[in-house]
Peer 1: 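To start, I am sharing the structure in question, which I have written as C-alpha cells.
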Amino acid sequence: EAMQFVKAFLEERPSWQAFHSPKNLAMSLVLESSELMEHFQWCDTETSFFPDVEKRQEIEQEIGDVLYLVFDLCNTLQIDPAVG
C-alpha cells in the first residue's frame, strides 16, 4: 500500500521529521502541483491527452511527487484518504 510505503520511507529518515509539519507539507504540495501544471500550461486540451514520451515521464514524476506529499500529509494528520 502506498501510504505504508511512504510511512516506512520516512521512518528510515528521522531527521526529515522536523520539516514534515502539516503546514510545510501543504505548502510543498502546492509547489509540486504547480510543477505538474507547468507541463500543461501552454498546450491545448487535445494535446494534453497525448504527451510525447519524455514529457509523459516528467508528468509521471510530478504526479509521484504530489501523491507522496498527499500520503505524507495524510499519515501526519492520521487521515485515511479513502474515507474522506
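Here the structure is a predicted model, which means the values were calculated and not measured. Counting from 1, the numbers follow the sequence of the chain as shown.
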Peer 1: Please report the closest heavy-atom contact between I59 and F40, naming both atoms and the distance.
Peer 2: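 What the structure gives for the nearest pair is CD1-CZ, 3.5 Å.
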
Peer 1: Quick one: list whatever passes side-chain hydrogen bond (donor to acceptor under 3.5 Å, both in side chains) with Q61, sequence neighbours left out.
Peer 2: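 With sequence neighbours excluded, Q61 shows a side-chain hydrogen bond (donor to acceptor under 3.5 Å, both in side chains) to D65, given in chain and number order.
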
Peer 1: Suppose clustering is done on Ile, Leu, Val, Met, Phe, Trp and Tyr with side-chain heavy atoms closer than 4.5 Å. Which residues sit in the same group as F50?
Peer 2: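 Once heavy-atom contacts under 4.5 Å are chained together, F50 belongs with F49.
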
Peer 1: Kindly write out the residues that satisfy side-chain contact (heavy atoms from CB on, under 4.5 Å) with L67, not counting sequence neighbours, or none if the list is empty.
Peer 2: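 So L67 forms a side-chain contact (heavy atoms from CB on, under 4.5 Å) with I63, F71.
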
Peer 1: When rounded to the nearest 0.5 angstrom, what is the spacing between OG in S33 and CD in E38?
Peer 2: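 It is 11.5 Å, given to the nearest 0.5 Å.
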
Peer 1: If the condition is side-chain contact (heavy atoms from CB on, under 4.5 Å), which residues does D72 pass it with, not counting sequence neighbours?
Peer 2: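 Testing D72 for side-chain contact (heavy atoms from CB on, under 4.5 Å), a comparison that skips the adjacent residues, returns V6, L10, H20, L25, Y68, T76.
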
Peer 1: Give a yes or no on whether F5 atom CZ has more than 12 heavy-atom contacts from other residues, nucleotides or ligands under 6.0 Å away.
Peer 2: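 At most 12 heavy atoms, drawn from other residues, nucleotides or ligands, come within 6.0 Å of this atom.
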
Peer 1: Going by the rule side-chain hydrogen bond (donor to acceptor under 3.5 Å, both in side chains), which residues pair with N75 if we only count those two or more places apart in sequence or in a different chain?
Peer 2: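 Applying side-chain hydrogen bond (donor to acceptor under 3.5 Å, both in side chains) to N75 gives none.
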
Peer 1: If I take atom CE from residue M37 and atom CD from residue E62, how far apart are they, to the nearest 0.5 angstrom?
Peer 2: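 Those atoms lie 11.5 Å apart.
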
Peer 1: Tell me, please, which residues at least two apart from E60 pass salt bridge (Lys or Arg N to Asp or Glu O under 4.0 Å).
Peer 2: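 Expected list: R56.
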
Peer 1: Just jot down the ring pair (Phe, Tyr, Trp, His ring centres under 6.0 Å) partners of F9, sequence neighbours excluded, or say none.
Peer 2: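 If we apply the ring pair (Phe, Tyr, Trp, His ring centres under 6.0 Å) test to F9, skipping adjacent residues, the hits are W16.
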
Peer 1: Same hydrophobic cluster for M27 and L69, using side-chain heavy-atom links shorter than 4.5 Å among ILVMFWY?
Peer 2: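 Hydrophobic grouping puts M27 apart from L69.
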
Peer 1: Please report the shortest heavy-atom distance between L77 and P22, naming the atom on each side.
Peer 2: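 Closest heavy-atom pair between L77 and P22: CD2-CG, 3.5 Å.
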
Peer 1: Looking at CD of E35 and CD of E32, how far apart are the two atoms once the value is rounded to the nearest 0.5 Å?
Peer 2: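 That separation rounds to 4.5 Å.
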
Peer 1: Heavy atoms, side chains only, cut-off 4.5 Å: are P51 and H39 in contact?
Peer 2: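 With C-beta onward as the side chain, the pair stays apart.
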
Peer 1: How would you list, by chain and number, every residue that makes a side-chain contact (heavy atoms from CB on, under 4.5 Å) with Q17, sequence neighbours excluded?
Peer 2: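 So Q17 forms no side-chain contact (heavy atoms from CB on, under 4.5 Å) with any residue.
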
Peer 1: Any salt bridge (Lys or Arg N to Asp or Glu O under 4.0 Å) involving residues 8-26? Give me the pairs, sequence neighbours left out, ordered by first then second residue.
Peer 2: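 Qualifying pairs: none.
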
Peer 1: Filter on side-chain hydrogen bond (donor to acceptor under 3.5 Å, both in side chains), then keep only pairs touching residues 43-55, sequence neighbours left out; what's left?
Peer 2: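 Found D44-T47.
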
